[in-house]
Amino acid sequence: GPKVLQIPSHQIIDMGQMVTLNCDPVSNHLYFYWYKQILGQQMEFLVNFYNGKVMEKSKLFKDQFSVERPDGSYFTLKIQPTALEDSAVYFCASSSVQDTQYFGPGTRLLVL
Amino acid sequence: GDKVKQSPSALSLQEGTNSALRCNFSIAATTVQWFLQNPRGSLMNLFYLVPGTKENGRLKSAFDSKESYSTLHIRDAQLEDSGTYFCAAEAISNYNVLYFGSGTKLTVEP
């Protein structure tokens, strides 16, 4: 099926540093998403993005978070500065209009 | 409270047997997706449903929007079916947001 890629697969950083998670969505998809999964817990919606803008975000999408997709390149999630509670697996997803969301393999972020 | 309640939380099956997983929604769900998360953490798409049923091999899923639930039936369980199954729903009030259940950890034993 359609593949979403995420880079890096793992990232370890010190608290307070900036981190950028990269997502390469399915090529003809228009909607992009980030979800967060803390180990052993359910997946939680963070944000969705369409036509260059954030359409909706949850309360988990703190002020330190930002997303962008400059010029059709990677769809990125930036956290600046990071906090201990940001440790989680971050999943990117993409979809066409009102259709299946396809998920990437996740980036495992550990904040020390 | 949880918008999507998934049950059971864990399930152990003998190879070759059948089972059903269920999700109840407290939101006005319009579409449902079912996923299998493997031990490495990757999410595999199983079904995307509007109200109705779909079948794929040994898996069958149903979504009843009026009664606000969805089911996933596994027939003739195999070892490779082991993993965590998640349902997720879109709500009429929030298209393009998936609300996930807490997952069913399935173990298929020989």
Side-chain angles (χ1 to χ4, degrees), chain A residues 1-6 8-10 23 25-26 29-51 53-61 67 75 87-110, chain B residues 1-10 21 23-27 29-51 54 56-57 59 61 63 65 70 83-105:
Chain A
K3 284 210 182 309
V4 175
L5 304 176
Q6 288 187 241
S9 58
H10 296 77
C23 173
V26 178
H29 283 179
L30 301 174
Y31 290 85
F32 313 110
Y33 313 82
W34 285 101
Y35 290 82
K36 177 181 179 180
Q37 186 180 36
I38 293 174
L39 187 64
Q41 297 184 25
Q42 71 197 80
M43 196 85 71
E44 304 263 21
F45 168 79
L46 285 176
V47 65
N48 59 24
F49 189 86
Y50 169 74
N51 198 25
K53 291 189 287 242
V54 169
M55 302 302 290
E56 198 151 0
K57 57 187 179 180
S58 72
K59 59 179 187 277
L60 294 179
F61 193 79
V67 291
F75 175 52
S87 293
V89 183
Y90 290 84
F91 289 91
C92 171
S94 70
S95 72
S96 54
V97 180
Q98 290 189 13
D99 202 348
T100 307
Q101 290 188 25
Y102 291 93
F103 282 70
T107 292
R108 284 139 192 82
L109 177 66
L110 179 59
Chain B
D2 286 347
K3 295 179 172 64
V4 179
K5 282 202 164 84
Q6 192 168 346
S7 61
S9 57
L21 314 181
C23 285
N24 291 315
F25 309 118
S26 60
I27 52 175
T30 54
T31 68
V32 173
Q33 286 190 235
W34 283 91
F35 301 89
L36 170 57
Q37 187 169 41
N38 65 24
R40 288 191 316 276
S42 295
L43 279 172
M44 185 189 329
N45 287 77
L46 298 177
F47 292 104
Y48 172 85
L49 293 155
V50 294
K54 278 190 180 176
N56 184 7
L59 300 181
S61 185
F63 169 35
S65 57
S70 178
T84 303
Y85 289 79
F86 288 97
C87 67
E90 277 183 301
I92 197 166
S93 54
N94 294 94
Y95 285 117
N96 298 120
V97 175
L98 280 179
Y99 297 98
F100 278 78
S102 51
T104 295
K105 186 169 181 183

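Chain naming here is simple, since letters A, B, ... match the order of the sequence lines and numbering starts at 1 in each. Here the structure is a predicted model, which means the values were calculated and not measured.
- No side-chain donor from either of Gln6(B) and Gln42(A) sits under 3.5 Å from a side-chain acceptor of the other.
- Within the 4.5 angstrom heavy-atom criterion, atoms from both the backbone and the side chain of Gln101(A) approach chain B.
- Between Phe35(B) and Phe103(A), the distance separating the two ring centers is shorter than 6.0 angstrom.
- Interface remark: Ser102(B) contributes backbone and side-chain atoms alike to the contact with chain A (heavy atom separation under 4.5 Å).
- The closest side-chain heavy-atom distance from Tyr35(A) to Leu98(B) is below 4.5 Å.
- For the pair Gln37(A) and Phe86(B), the minimum side-chain heavy-atom distance is below 4.5 Å.
- Using a 4.5 Å heavy-atom cutoff, the side chains of Asn96(B) and Met55(A) are not in contact.
- At a threshold of 4.5 Å between non-hydrogen side-chain atoms, the residues Gln37(B) and Phe91(A) count as touching.
- Using a 4.5 Å cut-off between heavy atoms, Glu44(A) makes no contact with chain B at all.
- The 12-atom threshold is exceeded at NZ of Lys54(B), counting heavy atoms of other residues, nucleotides or ligands nearer than 6.0 Å.
- Leu49(B) contributes atom CG, which lies 9.5 Å from atom OG1 of Thr100(A) (distance to the nearest 0.5 angstrom).
- When the shell of 6.0 Å around CG of Leu5(A) is examined, it contains more than 12 heavy atoms from other residues, nucleotides or ligands.
- The CD atom of Gln33(B) sits 8.5 Å away from atom OG of Ser95(A), with the distance rounded to the nearest 0.5 Å.
- Aromatic ring centres of Phe100(B) and Phe45(A) lie farther apart than the 6.0 Å criterion allows.
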